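First the structure, in the form of structure tokens, and then the observations on it.
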Amino acid sequence: MGAEEKGWNPVAAMEEIREVGRGAPEERRKEKEKEKEKDGVPSIPSSTKEIDISLPFAEMKPSIIDLCKDLFRKWSSLDNSCFSIETVSGGITNLLLKVSVKEESGNDVSLTVRLYGPNTDLVIDRKRELQAIPYLSAAGFGAKLLGIFKNGIIQSFINARTLSPSVQLGCVAHGSPPLLCQVMAKTLCTIWNDIFILSIFYISDMSNPKIAAEIAKQLYKFHQVDIPGSREAQLWNDVFKFLEKAAVLQFDDNEKQAKYETISFKEICNEINALKELTDLLNAPVVFAHNDLLSGNLMLNDEEGKLYFIDFEYGSYSYRGYDIANHFNEYAGFDCDYNLYPEKNVQCHFFQNYLRPDRPHEVPDKDLEALYIETNTFRLASHIYWALWALIQAKVSPIDFDYLCYFFLRYNEYKKEKEACFFLAQKYLSGSRV
């Protein structure tokens, strides 16, 4: 992961993890296919083509069509007019395109092309991602991996919407039906009059109890997926790699450099060591974690009621509580309002559905308490991880976003919550109920 991976070739990497590429000797190809069948993971076509993401979208289209024809030979003779391409989203670390194809049979096929952003190898281990995707896909998670190329992947298209982190204003008259029991609400103001109290509150998809329960149940299943390779938790390895990179940056912009120089990396290192020491005492289970379950990586088909986890770029073996805490931190939404972090009763609703998806109300109190402590200690690790990530992005990302400001936002939130979270964990470890 990081600068040492800049010359990494994803096509060659797929060979290392037993992905079948065209042109392999027939005997070896059949041997690999048999190996994959044992794992329940299909072989994936690959191409050495690279898409120039610096090109304007219109100029990029012919290259995308050529790539599709190269990967999927049944389309090689189709006229370019049979392909239509549109932008799905421009994420922080990749560009998503939807390609629709009119086949000779008259069938319409859609797929997603994901182009890696520049310098993202500094914060994302692409080799680790590619190793995990086929196994996660075989387990029913995310879009199916259909092909790989030098600077991206092609996946099936999911017909669903991303969950909304943005809040919607609503109101309820106290004494009316218990709408507040159905959504997590943040009261903004209370208006007194002769009849009732009116509360204005925030509603989001992720905090909807029904959706939250489904996320929890799916996350439990996700954590059961067995990904080949080392089962060592990577959280602290990744954090220290980020710290090493973040501590030696140099900005051309004088104002940015001045802000950067106010950061004490010795202090951050001490904070990381103290937090790692504390979390080690919790003996949190190690699972294959998503590590980035924000609203944009959760999709819902409203008609079918089907929930999808997508984008496994940051996936790795990590701590159960970290994955859940990171998800809870994302309740803050695009406005980064960490006051929206779920209350204990909302967390327990999630924990019950995670720990016993079939019988959530039968979860023992001691198990709820253990996961509550675990999650709310790793809550701090999530802030440090993304704070350091933001510093690296502030230097290398071409996206017009104030990453330096985001670093201070996340690190200050860490410092704000540290005392309470440490106290809670230490009290629990001492044998006292919390």
Side-chain angles (χ1 to χ4, degrees), residues 163-165 167-190 197-220 223 282 284 293-295 298 307 319-333 335-380 382-383 413 416-429 432-434:
L163 296 191
S164 172
V167 294
Q168 306 163 20
L169 284 177
C171 61
V172 62
H174 289 232
S176 64
L179 179 61
L180 290 181
C181 295
Q182 300 173 36
V183 295
M184 184 180 77
K186 178 191 176 187
T187 301
L188 295 179
C189 62
T190 302
I197 304 171
L198 182 68
S199 292
I200 300 174
F201 56 85
Y202 285 134
I203 306 172
S204 73
D205 277 330
M206 292 200 304
S207 57
N208 178 304
K210 184 177 180 180
I211 295 177
E214 186 59 25
I215 293 171
K217 291 173 182 178
Q218 289 295 319
L219 187 58
Y220 171 79
H223 286 169
L282 297 175
L293 272 183
L294 73 166
S295 61
L298 292 161
L307 181 75
Y319 303 100
R320 172 186 70 173
Y322 174 80
D323 211 12
I324 297 173
N326 191 73
H327 172 64
F328 285 168
N329 274 337
E330 293 298 340
Y331 277 44
D335 293 332
C336 300
D337 183 357
Y338 293 102
N339 292 315
L340 293 175
Y341 188 85
E343 300 290 341
K344 185 174 182 178
N345 65 315
V346 177
Q347 292 187 46
C348 286
H349 170 71
F350 189 98
F351 298 151
Q352 287 172 323
N353 285 278
Y354 174 87
L355 292 168
R356 294 289 293 271
D358 53 340
R359 297 190 296 276
H361 297 297
E362 296 181 16
V363 177
D365 289 344
K366 64 179 180 61
D367 293 344
L368 286 176
E369 183 179 39
L371 187 50
Y372 176 72
I373 298 301
E374 184 186 321
T375 299
N376 287 280
T377 308
F378 278 107
R379 172 186 184 180
L380 298 175
S382 170
H383 286 305
E413 191 65 24
K416 174 185 171 185
E417 299 297 336
K418 176 190 172 182
E419 183 177 356
C421 292
F422 266 65
F423 175 78
L424 198 67
Q426 289 164 347
K427 184 177 180 181
Y428 173 78
L429 290 167
S432 302
R433 288 188 61 83
V434 296

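Everything numeric here is computed off the predicted structure, so don't read it as measured data. What's counted below: heavy atoms across the whole structure, side chains too, no hydrogens, waters or symmetry copies. In this chain, residues are counted from 1 in sequence order.
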Subject >> Any donor-acceptor N/O pair, Asp205 side chain to Ser164 backbone, under 3.5 Å >> reply: yes
Subject >> Distance, nearest 0.5 Å, that separates CG of Asn353 from CD1 of Ile215 >> reply: 11.0 Å
**OP:** Can you sort out the partners of Asn326 under side chain to side chain contact (heavy atoms under 4.5 Å, CB included), two or more places apart, ordered by chain and number?
**Re:** Tyr322, Ser382, Trp386
Original post:
If we only count heavy atoms from C-beta on, is the Phe350 to Thr375 side-chain gap below 4.5 Å?
Top reply: no
Original post:
Residues in salt bridge (Lys or Arg N to Asp or Glu O under 4.0 Å) with Glu330, at least two apart?
Top reply: none
**OP:** For Tyr338, check side chain to side chain donor-acceptor pair (under 3.5 Å) against everything at least two apart and list the hits.
**Re:** Arg410
Original post:
Is the number of heavy atoms from other residues, nucleotides or ligands within 6.0 Å of CG (Asp358) greater than 12?
Top reply: yes
Original post:
Can you name the residues that form a side chain to side chain donor-acceptor pair (under 3.5 Å) with Gln347, not counting sequence neighbours?
Top reply: Asn376
**OP:** Check whether any side-chain heavy atom of His327 sits under 4.5 Å from a side-chain heavy atom of Leu298, and report yes or no.
**Re:** yes
Subject >> Qualifying residues under salt bridge (Lys or Arg N to Asp or Glu O under 4.0 Å), relative to Glu419, sequence neighbours excluded >> reply: none
Original post:
Excluding sequence neighbours, so at least two apart, what forms salt bridge (Lys or Arg N to Asp or Glu O under 4.0 Å) with Lys416?
Top reply: none
**OP:** For Ala325 and Tyr341, work out which heavy atoms get closest and say how close.
**Re:** O-CE1, 4.4 Å
**OP:** Mind telling me whether Phe328 and Phe351 have parallel, tilted or perpendicular rings, with 30° and 60° as the class edges?
**Re:** tilted
Original post:
Of all heavy-atom pairs between His349 and Ala212, which one has the smallest distance, and what is that distance?
Top reply: CD2-CB, 4.5 Å
**OP:** Apply side chain to side chain donor-acceptor pair (under 3.5 Å) to His223 and list each qualifying residue two or more places apart in sequence or on a separate chain.
**Re:** Asp323, Tyr354
**OP:** Kindly indicate, with the supporting measurements, whether the criterion side-chain contact (heavy atoms from CB on, under 4.5 Å) is fulfilled by Ile211 and Met206.
**Re:** CA-CA 6 Å; Ile211 295 177; Met206 292 200 304; 5.9 Å; no
Subject >> From Leu340, Asn345, Val346, residue fulfilling side-chain contact (heavy atoms from CB on, under 4.5 Å) relative to Pro342 >> reply: Val346
**OP:** Under the side chain to side chain donor-acceptor pair (under 3.5 Å) rule, collect the residues that match up with Lys427, sequence neighbours excluded.
**Re:** none
Original post:
Partners of Ala370 by side chain to side chain contact (heavy atoms under 4.5 Å, CB included), sequence neighbours excluded?
Top reply: Tyr428
Subject >> Any donor-acceptor pair under 3.5 Å from Glu374 side chain to Gly321 backbone >> reply: yes
Subject >> Separation of Leu163 CG from Ser207 OG (nearest 0.5 Å) >> reply: 10.5 Å
**OP:** Tell me, please, whether Tyr220 has Lys217 positioned over its six-membered ring: NZ or CZ under 6.0 Å from the ring centre and within 45 degrees of its axis?
**Re:** no
Subject >> Over all atoms of both residues, closest heavy-atom pair of Asp367 and Leu355 >> reply: O-CD1, 3.9 Å
**OP:** Taking Asp337 for its side chain and Asn339 for its backbone only, find out whether a donor-acceptor pair lies under 3.5 Å.
**Re:** yes
Original post:
Taking the side chain as C-beta and beyond, is there a heavy-atom pair between Arg320 and Ile324 under 4.5 Å?
Top reply: yes
Original post:
Do Thr377 and Phe422 pass the side-chain contact (heavy atoms from CB on, under 4.5 Å) test, and can you show the C-alpha distance, the side-chain angles, and the key distance before you say yes or no?
Top reply: CA-CA 7 Å; Thr377 308; Phe422 266 65; 6.0 Å; no
Subject >> Listed partners of Glu417 passing side chain to side chain contact (heavy atoms under 4.5 Å, CB included), at least two apart >> reply: Arg379, Leu380, Glu413, Cys421
**OP:** Hey, could you give me the CG/CG distance between Leu371 and Leu282, rounded to the nearest 0.5 Å?
**Re:** 11.0 Å
